[in-house]
Amino acid sequence: MSDWLHGVRVPPINITRLRELAGLIRRESHLRPEEPFPVLYFLEHSLPQVMPGFDFIILDHLPNGDEACAYPDGCRENPEGPFIKLTTAVYNGAWANKGRDRLTVLHECSHVILHRKVAVHHRGPRGAELKPYENSEWQANQLAAELLMPLESIAARAALGDFCRRMGVSREAAQLRAKKLVERGDVTSIDWV
């Protein structure tokens with residue numbers, strides 16, 4: 001889900017606010033920072049409880065080769081509420097604890113959480129023309145990363161492989177997350193950056 005270049009302008013949200021939101025969601029889910037986020041439970045049970053009309057579907061294929069997509073305000077298949085479409089491969093990968101697929105599912109959940117009732121101007125600036133904090137794709141990626149890899153979980157200084165297995169994330173996602181946290185000064189250094 002590094003496709004932030006295709007994002008659309010949405011109301012700005014900074015990392016601090018996204019981190020607070022992720023912390024709230026994790027606390028409401030009774031998770032300690034070092035515990036993996038229950039991605040499919042969140043999709044199948046938590047979101048339907050807190051978002052009336054929420055639903056999702058698993059399909060063999062999606063148009064344009066997409067693996068997943070979200071409709072925060074509903075769509076033809078589900079006009080009453082938010083809707084997520086996932087490919088069978090992504091859903092099964094998330095069940096198999098594949099980090100990339102878990103991130104994909106949570107990225108789409110993040111769109112539903114962050115971008116409901118947001119006026120999107122499809123002819124306005126897109127992708128690289130936007131500041132990251134006003135880019136829909138960047139916001140969804142950031143919230144998913146905060147949920148999957150809280151700052152406190154990385155500060156624990158585990159070996160990269162151990163961290164990835166424990167948190168259910170890919171090596172690439174963990175390394176990128178750690179690199180960004182070091183660049184921002186959120187952590188001093190991490191051996192596996």
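Both backbone and side-chain heavy atoms feed into the values below; hydrogens, waters and symmetry mates do not. Positions are given from 1 along the sequence.
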Among the clusters formed by ILVMFWY side chains lying less than 4.5 Å apart, do V50 and L24 turn up in the same one?
no
- Message: Take a 6.0 Å sphere around CZ of R76 and say whether it holds more than 12 heavy atoms from other residues, nucleotides or ligands.
- Response: no
Residue pair M167 / P150, side-chain heavy-atom distance below 4.5 Å: yes
Donor-acceptor contact present, side-chain R171 to main-chain L160, <3.5 Å
no
Distance col, row D66:CG vs T104:OG1, nearest 0.5 angstrom, shows 11.0 Å
Sequence neighbours excluded, the answer for ring-ring contact (aromatic ring centres under 6.0 Å, His included) partners of F83 is none
**Prompt:** Do the side chains of F37 and I25 get nearer than 4.5 Å, heavy atoms only?
**Reply:** yes
Is there side-chain contact between V182 and T188, with heavy atoms separated by less than 4.5 Å? no
Quiz item: Could you walk me through whether K131 and E134 pass the salt bridge (charged side-chain N to carboxylate O under 4.0 Å, His left out) check?
Solution: CA-CA 6 Å; K131 301 280 187 212; E134 64 181 6; over 6 Å; no
By side chain to side chain donor-acceptor pair (under 3.5 Å), E34 pairs with (sequence neighbours left out) R32
Q. With no hydrogens and no angle check, is any side-chain donor or acceptor of E146 less than 3.5 Å from a backbone partner on L18?
A. no
ring-ring contact (aromatic ring centres under 6.0 Å, His included) filter on Y133, not counting sequence neighbours, yields none
Q: Please step through side chain to side chain contact (heavy atoms under 4.5 Å, CB included) for the pair V8 and N135, ending with a clear verdict.
A: CA-CA 6 Å; V8 296; N135 183 306; over 6 Å; no
Flag yes if L62 and I57 sit in one hydrophobic cluster, no otherwise; membership is Ile, Leu, Val, Met, Phe, Trp, Tyr, and two members link when side-chain heavy atoms are under 4.5 Å apart. yes
Closest heavy-atom pair, L103 versus A144, reported as atoms and distance to 0.1 Å, is CD1-CB, 3.6 Å
Side chain to side chain contact (heavy atoms under 4.5 Å, CB included) assessment of W138 paired with L130: CA-CA 10 Å; W138 180 87; L130 300 170; over 6 Å; no
Hits for ring-ring contact (aromatic ring centres under 6.0 Å, His included) against H30, two or more places apart or cross-chain, chain-then-number order -> none
Heavy atoms of P36 and R102 approach each other most closely as CB-NH2, 4.2 Å
NE2 (H115) and CD (E137) are apart, to the nearest 0.5 Å, by 8.0 Å
Quick check against the 3.5 Å criterion: does D73 have a side-chain atom that pairs as donor or acceptor with the backbone of K117? yes
request  = Please check if the side chain of R26 supplies one atom and the backbone of E35 the other of a donor-acceptor pair under 3.5 Å.
outcome  = yes
For G7 and S136 the tightest heavy-atom approach is CA-OG, 3.5 Å
One should read off an interatomic distance between H45 NE2 and Q49 CD, to the nearest 0.5 angstrom, of 8.5 Å
CD of E20 to CD1 of I13, rounded to nearest 0.5 Å, is 11.5 Å
On a heavy-atom basis, the closest approach of P82 and R116 is CG-NE, 3.4 Å
message = When you compare the side chain of L21 with that of L114, does any pair of heavy atoms fall below 4.5 Å?
response = yes
Next item on the list: Show the numbers, then the answer: is there a side chain to side chain contact (heavy atoms under 4.5 Å, CB included) between C69 and I84?
Entry: CA-CA 6 Å; C69 53; I84 292 176; over 6 Å; no
So CZ of R184 and CG of L181: to nearest 0.5 Å the spacing works out to 8.0 Å
- Task: Output, in order, the C-alpha distance, side-chain angles, deciding distance and verdict of side chain to side chain contact (heavy atoms under 4.5 Å, CB included) for D186 and R19.
- Result: CA-CA 12 Å; D186 294 331; R19 189 168 290 157; 3.2 Å; yes
### Message
When you compare the side chain of E67 with that of L86, does any pair of heavy atoms fall below 4.5 Å?
### Response
no
R165 meets the salt bridge (charged side-chain N to carboxylate O under 4.0 Å, His left out) criterion, sequence neighbours left out, with D162
CG (L40) and CG (D101) are apart, to the nearest 0.5 Å, by 9.5 Å
Worksheet item: Side chains of Q139 and H111: donor-acceptor distance under 3.5 Å anywhere?
Response: no
Q) Quick one: do L176 and L143 end up in the same hydrophobic cluster if we chain Ile, Leu, Val, Met, Phe, Trp and Tyr together by side-chain heavy atoms under 4.5 Å apart? A) no
salt_bridge(R177, E172) N-O dist < 4.0 Å | no
Check: L47 and I113 side chains under 4.5 Å, non-hydrogen atoms:
yes
Residue pairs passing the side chain to side chain donor-acceptor pair (under 3.5 Å) test with at least one member in residues 78-92, sequence neighbours excluded, are E44-Y91, D60-T88, E77-K85, Y91-W95
message = Do N14 and R17 make a side-chain contact, defined as non-hydrogen atoms from C-beta onward lying under 4.5 Å apart?
response = yes
| With a 4.5 Å heavy-atom cut-off, do V112 and F56 have their side chains touching? | no
Quick check on the hydrophobic clustering: are V10 and Y71 connected, directly or via other members, by side-chain heavy-atom contacts under 4.5 Å? no
